[in-house]
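Whatever order the structure lists them in is the order used to number ligands and atoms, beginning at 1.
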Amino acid sequence: MSETAQAWKPKLDIRELYIDGKWIAPQASDPAKIVNPSTEDILGSAPVGGLRECEMALAAARRAFDDGPWPRMDRHTRARHMQKFFDFLEARQGQTVALQSLEVGLLASEATMHWFLGMKNFEEFIEISKRNPIDVQPLVIDPNAPGVGISAIVREPMGVVVAITPFNAPFLLDLMKAAPALCAGNTVILKPSPDTPLDPFILVEAAIAADLPPGVFNVVTGGIDVGEKLSSDPRVDMVTFTGSDVVGAKVMAQASSTIKKVHLELGGKSPLIVRHDADLEIAIRRGMIGFTTQSGQGCVLTTRHIVNNKIRPDYVAAMSEALKKIKVGNASDPTTTMGPLIREIARARTERYVKMGRDDGASLVFGGKRPAHLNKGYFFEPTLFDNVDNRSTIAQDEIFGPVGVVVGFDTDEEAIKLANDSRYGLGGCVVSRDVGTAVKMALQVRTGTISVNDGGSSSKFAPFGGYKRSGLGREWGEMGYHEYTEVKALSFPVA
Ligand code: NAD
């Protein structure tokens, strides 16, 4: 790592947006104060974009795509720019991880995992972008027609891509949209969450270091007005959105009148099926990760534990013991094992769900309140409900707080039915010593990703995405890359 990179610090007091290769001060709003969710202290400030800045970014991204060098650049030259973008980030892992603890409340281990996942995929996107995107096929429609022809199947960039992201994993999610879109030759307007607007400016610095042409990468912060404008504008060819299903549906509606491509990565209520023959240690490990990671603020977490009634009492007892060892506290403290929720509104929502669970007759077996020893920060205890009816609100809604629910079952068929009785379909896991049966069950669960035992929710290049209300399309790896390309069939005579 060069000395410059070691001395580098992410910007915490940002006053200007990055549009058309220039720093632009927003006209309508003062900078927003950004709060550290572990301490409630002001961490920094960020500019708040508005409709004027959207207009500027839309014009710049359109111009850069229609008339600029980026989409028509030789793919090896473009890959060299993206390699510089990558190298800038690679040299700043520690500082990027530390910012995520301060801004999002992620533990260093969680932010490091995001960093690794994002950067490994980025590396792969650069490699994919260098490959010849033309596949040649013979024409077979009319063998008796005079002459011979072939079709070339050409991959081209989509055009202007708007990327809208949530708060809970800004580095990973911003990068997983910007990196493949840019590698494929698109121009990008990124709109991050108003809760975590500092992080994307690390990508801006990387874009400047990589010498991207003006208008190729733009960041417009802001709220609903900015999101609505960017997703509905006719100059945009594709909207890639990660966030809640409710907002995802709005984005789809906003984009519909201009018939643009919509890519959606949405919420989940993923099932963890624990069979009667499960290794309890694995089940508890997977179960605990499933609702305490990121304080429950993860789309793909397995928050719904569908446990065979023969071992359910043992599962609940062992989980309660394991939860006692969790240390809730400041995300920047290396001894902490569960950090805060993002804002007070998220904690209040979690409390409402705990009340609903009790009112619906579920048994609260662990947690359920704010930790008594922490009077600052948006903390909530890891919380476990047993005897949960799968049709109840706490089993159906994505709580996005550290709440796990345990639903009992007697047969494998019943477990699969319960797992699929959800409006979501993002992730899942089956825990069993009988791996063959577990794999057969996993294949029947209607989710975009699923693992068996300690298989991890997805390997780093396996496509990631959801069925049902969890989304449309895939991220990561080759499939994720090609979401950002159009396919052209070009037919021509050769004889
Ligand atoms: P959110 O849906 O409230 O907001 C997401 C983004 O949409 C923000 O940038 C917000 O400003 C913007 N937005 C709000 N209204 C808009 C509108 N009408 N038009 C355009 N943009 C608009 O989500 P959140 O609370 O920030 O994040 C949590 C959600 O994200 C959870 O549901 C979680 O499951 C989901 N998520 C999904 C994935 C995935 O890959 N499937 C990953 C992370 C998070």
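Taking the centre of each ring, F217 and Y18 stay at or above the 6.0 Å mark.
Those atoms of ligand 1 with a heavy atom of E228 less than 4.0 angstrom away are 18 (N), 19 (N), 20 (C). Within the listing of ligand 1, atoms 32 (O), 34 (O) sit less than 4.0 angstrom from a heavy atom of G267. The contact set between ligand 1 and V251, taken as ligand atoms under 4.0 Å from a residue heavy atom, comprises 19 (N), 20 (C). Listed by number with element, the atoms of ligand 1 under 4.0 angstrom from any heavy atom of S193 are 9 (O). Short contacts between ligand 1 and F241, defined as distances under 4.0 Å to a heavy atom of the residue, involve ligand atoms 2 (O), 5 (C), 6 (C), 7 (O). Interface atoms of ligand 1 facing P192, defined by a heavy-atom separation under 4.0 Å, are 9 (O).
Of all protein heavy atoms, the one closest to atom 23 (O) of ligand 1 is S244 N, 3.7 Å. Closest to atom 28 (C) of ligand 1 among all protein heavy atoms lies F400 CE2, 3.4 Å. Ranking protein heavy atoms by distance to atom 10 (C) of ligand 1, first place goes to K191 NZ, 3.9 Å.
For atom 15 (N) of ligand 1, the nearest non-hydrogen atom from the set L230, V239, V247 belongs to V247. Checking P166, G243, G427 against atom 35 (C) of ligand 1, the nearest heavy atom belongs to G243. Nearest-heavy-atom check against atom 43 (C) of ligand 1 across I164, I342, I224, N168 picks out N168. Between the choices C299, G227, G448, the shortest heavy-atom distance to atom 38 (C) of ligand 1 belongs to C299.
For ligand 1, none of its N or O atoms has an N or O atom of T242 under 3.5 Å away. Of the polar atoms of T165, at least one N or O is found under 3.5 Å from an N or O of ligand 1, judged by distance alone. Between Q254 and ligand 1, at least one pair of N/O atoms sits closer than 3.5 Å. Ligand 1 has an N or O atom lying under 3.5 Å from an N or O atom of E398, backbone or side chain. Inclusion of L266 in the set of residues having an N or O under 3.5 Å from an N or O of ligand 1 is warranted.
Of the heavy atoms in V300, none comes closer than 4.0 Å to ligand 1. Of the heavy atoms in L426, only side-chain atoms (C-beta onward) come closer than 4.0 Å to ligand 1. Using a 4.0 Å cut-off between heavy atoms, V226 makes no contact with ligand 1 at all. Residue A169 does not touch ligand 1, judged by heavy-atom distances below 4.0 Å.
For the pair R92 and F88, the cation-pi criterion (under 6.0 Å, within 45° of the ring axis) is fulfilled.
The neighbour count for R391 CZ, taken as heavy atoms of other residues, nucleotides or ligands under 6.0 Å away, does not exceed 12. The environment of CZ in R446 is sparse: at most 12 heavy-atom neighbours from other residues, nucleotides or ligands sit within 6.0 Å. By the neighbour-count criterion of 12 heavy atoms within 6.0 Å, atom CD1 of I42 is densely surrounded, having more than that number from other residues, nucleotides or ligands. In the displayed structure, R52 atom CZ is contacted under 6.0 Å by more than 12 heavy atoms of other residues, nucleotides or ligands.
With salt bridges taken as basic N to acidic carboxylate O contacts below 4.0 Å, none links K260 and D233. For D41 and K376, the salt-bridge test fails: no basic side-chain N is under 4.0 Å from an acidic carboxylate O. Electrostatic pairing of E55 and R235 counts as a salt bridge here, judged by a charged N lying under 4.0 Å from a carboxylate O. The pair K229-D225 does not count as a salt bridge, with every side-chain nitrogen at least 4.0 angstrom from each carboxylate oxygen.
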Inset, instruction - Show your working on ring-ring contact (aromatic ring centres under 6.0 Å, His included) between F85 and F122 and close with a plain yes or no. - result: CA-CA 10 Å; F85 196 124; F122 190 176; 5.8 Å; yes
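Looking only at atom types and distance, the side chain of N453 has no donor-acceptor partner in the side chain of R286 under 3.5 Å away. Using modelled atom types, one finds a donor on one side chain and an acceptor on the other under 3.5 Å when comparing T165 with D174.
The presence of a protein heavy atom under 4.0 Å from atom 4 (O) of ligand 1 is ruled out.
Nearest heavy-atom pair, T292 versus P382, reported as atom, atom and distance to 0.1 Å: CG2-CB, 4.0 Å.
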